[in-house]
Amino acid sequence: MAGNIKATRLGDILREKGLLREDQLQLAIAEQKRRRATVDPSDKRMMDATSLGEILIEMGYITRQQLKRGLNWQMYLRKMTLVMSLVAPMMSAAGGAVAQTTTNTTTSSSSTTSSLVIQAENFSAMKGIKVEATKDTGGGSNIGAIDPGDWLAYENTVIEIAVPTTYKITYRLSSPQGGSSFYLYELDTDTEYDRVTVPKTGSWQTWVSVEQTVTLPAGRHTLGIKALSKGFNINWFKLDKIAEEAPAPPSSSSQPSSVAVSSSSQPSSVAVSSSSQPSSVAVSSSSQPSSVAVSSSSQPSSVAVSSSSQPSSVAVSSSSQPSSVAVSSSSQPSSAAVSSTASSTGTAPTTSLRIESEAYTAMGGIKVEPTTDEGGGFNIGAIDASDWLAYGNHEIHAPTAGNYKVSYRVSSLYGGGSFYLYNLDTGHQFAPVAVPKTGGFQKWITIEQTITLPAGTHKLGITALVKGFNLNWMQVDYKGIALPVTIQAEDFAAMSGIKVEATTDVGGGSNIGAIDAGDWLSYENKVIDIPVTGNYKVTYRTSSLYGGGSLAFHEADGSKQYDVVAVPKTGSFQKWVDVERIVTLEAGPHIFGMTALAKGYNINWFKIEEAPAGSVPSNTEPVSSSSSSTSSVASSTSSQTSSAPVVSSSSSSSAAPITSSSSSSAASSLGSEGSAVAGPVYLRWNIPSLREDGTTLDISELGGYEVRYRRLTDTEYTYVSVENAYTNELNLAWLEGTYVFEVAAFDKNGLYSRFIKIAPN
C-alpha cells in the first residue's frame, strides 16, 4: 500500500499540478543546495529564507498564492500517508509484497532495486563537513573535517518500500586512529536506525568497508548521518536488500558477533544472515535474571481464537494488565504503522519491532530447533516451567507512556502451557498468557495481548509458567499514547493562523491565541490509542474576554467531526476555566485536530480521559464533518472543514448542481461512471458564494479553480489550474474515450474544497 502513496515533497506536488516544470524544479533544487551548504541550520530565519518554496518564488517560477496551495496539499498528503500507514496492515495480505525502492539523486525515479549507493558528497544539506578529493578506488570525492554534531542530509535520495525490509548497509570509511562513531537516522522523524564505530585504518585515505544490518519500516524514507565524535572520513554508503534466509541457530552465549570489516574498495556482496540478532550490540550480563518470583495465584488469561489470516484486533485496555488475549492463525505478524530498529534512541517511539525467539542474548533451559512454520528458520522448544529468555539486544523506545500490542507465534500439542512477558531492567511482569491447543508442536497460531509501557527504553524477556508449548517469534506494535493524555495546545504538528504566547495559567508555559474563524490546529504528531468504543471526556482549558468563541473537535484529516464547543466568557484572555465535554470515540488510533468556528478565545491544553459511568455525549446527535448541502464541498487538504468553499458544477450555466461525495478525501469516491467524449471538451461550473459553514464567500476571496481529469481505467489525473476566480469554464482541445472530470475551488489562502464530479457539455 505504501508504494501507492503519492510523494509529499513540495516540488513534486507543484510539478504534478502543472504549476512547475521539471527543469525549473531542478534549477531551484540546485540553488537550494548551493545556499544551504553555507547556512547554519540552527538559524531558523535563514533556513526559512532558503526553503524551496521561497526560492521558487524568488526565481519567478510560482506565485505566493501557488505556494500556499502547494503547502496545503503537502500537509493533506502527509496526513493521508500517516493514516494509510496505520491502516495498511489491515488492508493488505500478509507476506509476498515487494519492496519498492526509489532513488532520487536528481529527483528522478527508478524502478524497484535491491541495491542503492549514496555518495557521501551528494548531500542535499549539511553542517560542518568539507568535500575533498579521494584516493579510494574509483576516485571522485569523500567528505571529511568531521566534528561532533556535524551532519549530512540526503533528502534528494528517496527510498520507498511497501513492507518492512532488512538491508545490509556498507559504509566506506577511513580513520588514522579509529574509535570515532556516527549514526544513521530518518530525516523526517529523527529516528535512529544504526550506530557505527569506525575502525582504525591507518590513514585518512586508507579505506575499509564496514557492514551493518538495518531494518527500515514500510513507507517513504530520506536518510541522514550525524557524527557523534570526530576523526573519520566517509566516501559512500550502500544499501543491499537481504534475501530472506533461515538464520543460523544462535548459541546461548550472550556475546554478540563483531562488525564485519572488509578492505575491499568496492561495495561488497557478502551474504548476510536475516537473523534479527544485531551484529554489534553490547550485551549486559544483567539481562540474566537471578531469580524469578512467580505467584501461585497468577492465572493465565483466557484466549479467543480466530481463523482470520491476519492477527485480529484486540480491544485495548488502559490497564497495563490486559485481561484477554486474541488469537489468529496468521503466520505473519501485523504491523501497526512502520517498523523501527532494535535500538531507537530518537524522539519518535518504536512503532514495530519483531523479535525472533532464537535471537536471545541469554536463556535458561530452552532448546533451538528448525521450524516448519511459514518463513522457515528456527523456533525455541523443550520449554519447562521457570525456563526463561532475555532479549537484551532489542530495545523499545517510548518517549511517552503508550499502549503496545504484543503478538506471539506459538504452537502446542495439548494446550495448557503459559508464560509471561517481563521488563529486563525493572523486573515488571505483564499479564500471563495462556497458550491454546493447536494440535501439534509445529502447527502455529498467533496470539496477542496489549501492554502499557511507561516512558523510557525497554528490553523484554519471557518466563515460562507451565510447560508444553513452542515459540517462533514475538512482535511489538505501537498502538498510541495511553489515556489519560493531556496535549498542550502549542504542541501542534501543523496549524493555520494562530499564535503561541506565554501563559499566566497554573503551570506556566505557553498557550495559543490570536484565533480567528477558520484557523486550525492539527496534532498528527500525537497518535492517541482509544481502548474501546465508548464515551470519553474531553476537557479544554480556555479563556475568553467576551465569550462567544467556538471550535470544532475532529479527526486531523477531516474524516469525522466529534463536537462543537462553545467557549464561555471568563473576563480576560489570561483567566482560565475548564470546559468539559463528552464525546463518543471508536476504538483504535486517532489523530485529532481543532478548527475555530468563531474567534475570541485562547486555549492552553486539552485532555482526553475515560468518561464517568453513565455519561452521555454533549452533542446528542453525531456531528458530521460534511455539509448537508447537496452541492457542498468539504475541505480536502486540511482540518479546515468548516471554511471550504461550496462549489457546484454543471454542463451549462443553468443546469442543476451535482451532489458532491461525502468523503473528505482529496480523491473523492466517484463511482464507476465516466463521461464518453470524442473531440473538444467544454466544462463549466458555478462560482461559489458560500463556505461550508454557511458564511458568505466573496469572489475577491477566491484564488481560482483546479480541474482534473483521467481515463476511467487510469488512476493518475491530469491537473489544469484556472488562476482567475471569474473564469468558471475550461475548454480542452481534444479527448477521446471515457473520462472522469472533477473540479475544486481554492481561496487565496490556498485552502481547497473537495473535488466534485463535473459533466462536460
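- Looking at residues two or more places apart in sequence or on another chain, you find a side chain to side chain contact (heavy atoms under 4.5 Å, CB included) between W151 and P41, A125, K127, A153, Y185, K226.
- A heavy-atom distance below 4.5 Å is not found between the side chains of V196 and I169.
- Using a distance-only test at 3.5 Å, with no hydrogens or angles considered, a donor-acceptor pair links the side chain of N393 to the main chain of A359.
- Of all heavy-atom pairs spanning A145 and D150, the tightest one is O-OD2, 3.7 Å.
- Across L453 and F430, no two heavy atoms sit closer than the pair CD2-CZ, 3.6 Å.
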(message) Evaluate Y391 against S357 for side-chain contact (heavy atoms from CB on, under 4.5 Å), listing each step before the verdict.
(response) CA-CA 9 Å; Y391 297 96; S357 62; 3.9 Å; yes
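- Between the side chain of Q24 and the backbone N or O of Y61 there is no donor-acceptor pair closer than 3.5 Å.
- Side-chain atoms of E395 and L353, non-hydrogen and from C-beta on, never get closer than 4.5 Å to each other.
- Considering CG of L52 and CG of L14, their distance stands at 7.5 Å, rounded to 0.5 Å.
- Looking at heavy atoms from C-beta onward, I462 lies in side-chain contact with M474 at the 4.5 angstrom threshold.
- Among the candidates L239, T166, T165, the single residue satisfying the side-chain contact (heavy atoms from CB on, under 4.5 Å) test with L216 is L239.
- Taking the side chain as every heavy atom from C-beta outward, L10 and L67 approach each other to under 4.5 Å.
- Note: H458 NE2 to L424 CG = 11.5 Å, rounded to the nearest 0.5 Å.
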(request) For side-chain contact (heavy atoms from CB on, under 4.5 Å), just list the numbers for L152 and I129, CA-CA rounded to whole Å, side-chain angles, deciding distance to a tenth of an Å, and then say yes or no. (result) CA-CA 8 Å; L152 298 137; I129 65 95; 3.8 Å; yes
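- Contact between L521 and A489 at its shortest, heavy atoms only, is CD2-O, 4.2 Å.
- At distances below 3.5 Å, at least one donor-acceptor pair connects side-chain atoms of T361 with backbone N or O atoms of A390.
- K405 and S407 make their closest contact through CE-OG, 3.8 Å (heavy atoms, listed as atom of the first residue, atom of the second, distance).
- Annotation: side chain to side chain donor-acceptor pair (under 3.5 Å) contacts of N511 (sequence neighbours excluded): E501, T503, Q574.
- Across every non-hydrogen atom of Y404 and I396, the tightest pair is CE2-CG2, 4.0 Å.
- When all heavy atoms of Y478 and V527 are compared, the pair lying nearest together is OH-O, 3.9 Å.
- Side-chain atoms of N122 and T157, non-hydrogen and from C-beta on, never get closer than 4.5 Å to each other.
- Classification of R35 and E58 as a salt-bridged pair holds, one side-chain N sitting under 4.0 Å from a carboxylate O.
- Taken from CD in E121 to CD1 in I234, the straight-line distance is 11.0 Å, to the nearest 0.5 Å.
- Using a 4.5 Å heavy-atom cutoff, the side chains of T191 and T351 are not in contact.
- Qualifying side chain to side chain contact (heavy atoms under 4.5 Å, CB included) partners for T400, counting only residues two or more places apart in sequence or in other chains: I481.
- One distance of note links CD of E192 with CD of E186; it measures 12.5 Å at 0.5 Å rounding.
- Y154 and F237 have perpendicular rings, their planes meeting at more than 60° on a 0 to 90° scale where under 30° would count as parallel.
- Judged as a salt bridge (charged side-chain N to carboxylate O under 4.0 Å, His left out), and not counting sequence neighbours, the contacts of E54 are R64.
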(request) Please assess N233 against E132 for the test side-chain contact (heavy atoms from CB on, under 4.5 Å), listing each intermediate value before the final yes or no. (result) CA-CA 10 Å; N233 289 352; E132 60 187 17; 3.2 Å; yes
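- Using a 4.5 Å heavy-atom threshold, the side chains of W605 and D491 count as separate.
- Of the possible donor and acceptor atoms, one in the side chain of T201 sits under 3.5 Å from a partner among the backbone N and O of T206.
- Residues satisfying the ring-ring contact (aromatic ring centres under 6.0 Å, His included) test with F123, not counting sequence neighbours, are none.
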Show every donor-acceptor pair shorter than 3.5 Å between a side-chain atom in residues 174-181 and any protein atom, with sequence neighbours excluded, or say none if there are none.
from : atom 1 : to   : atom 2 : distance (Å)
S174 : OG     : W204 : O      : 2.6
S175 : OG     : G178 : N      : 2.9
S175 : OG     : G231 : O      : 2.7
S180 : OG     : K230 : O      : 2.4
S180 : OG     : G231 : O      : 3.4

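- We find the NZ-OG1 distance between K33 and T50 to be 14.5 Å, quoted to the nearest 0.5 Å.
- To the nearest 0.5 Å, the span separating CG on L25 from CG on D12 amounts to 6.5 Å.
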(request) Determine, stepwise, if the pair R36 / S51 fulfils side-chain contact (heavy atoms from CB on, under 4.5 Å). (result) CA-CA 9 Å; R36 287 200 166 175; S51 68; 4.2 Å; yes
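- Side-chain contact between V210 and P199 is present, with heavy atoms from C-beta onward closer than 4.5 Å.
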(request) For side-chain hydrogen bond (donor to acceptor under 3.5 Å, both in side chains), just list the numbers for Y167 and D194, CA-CA rounded to whole Å, side-chain angles, deciding distance to a tenth of an Å, and then say yes or no. (result) CA-CA 11 Å; Y167 289 92; D194 192 20; over 6 Å; no
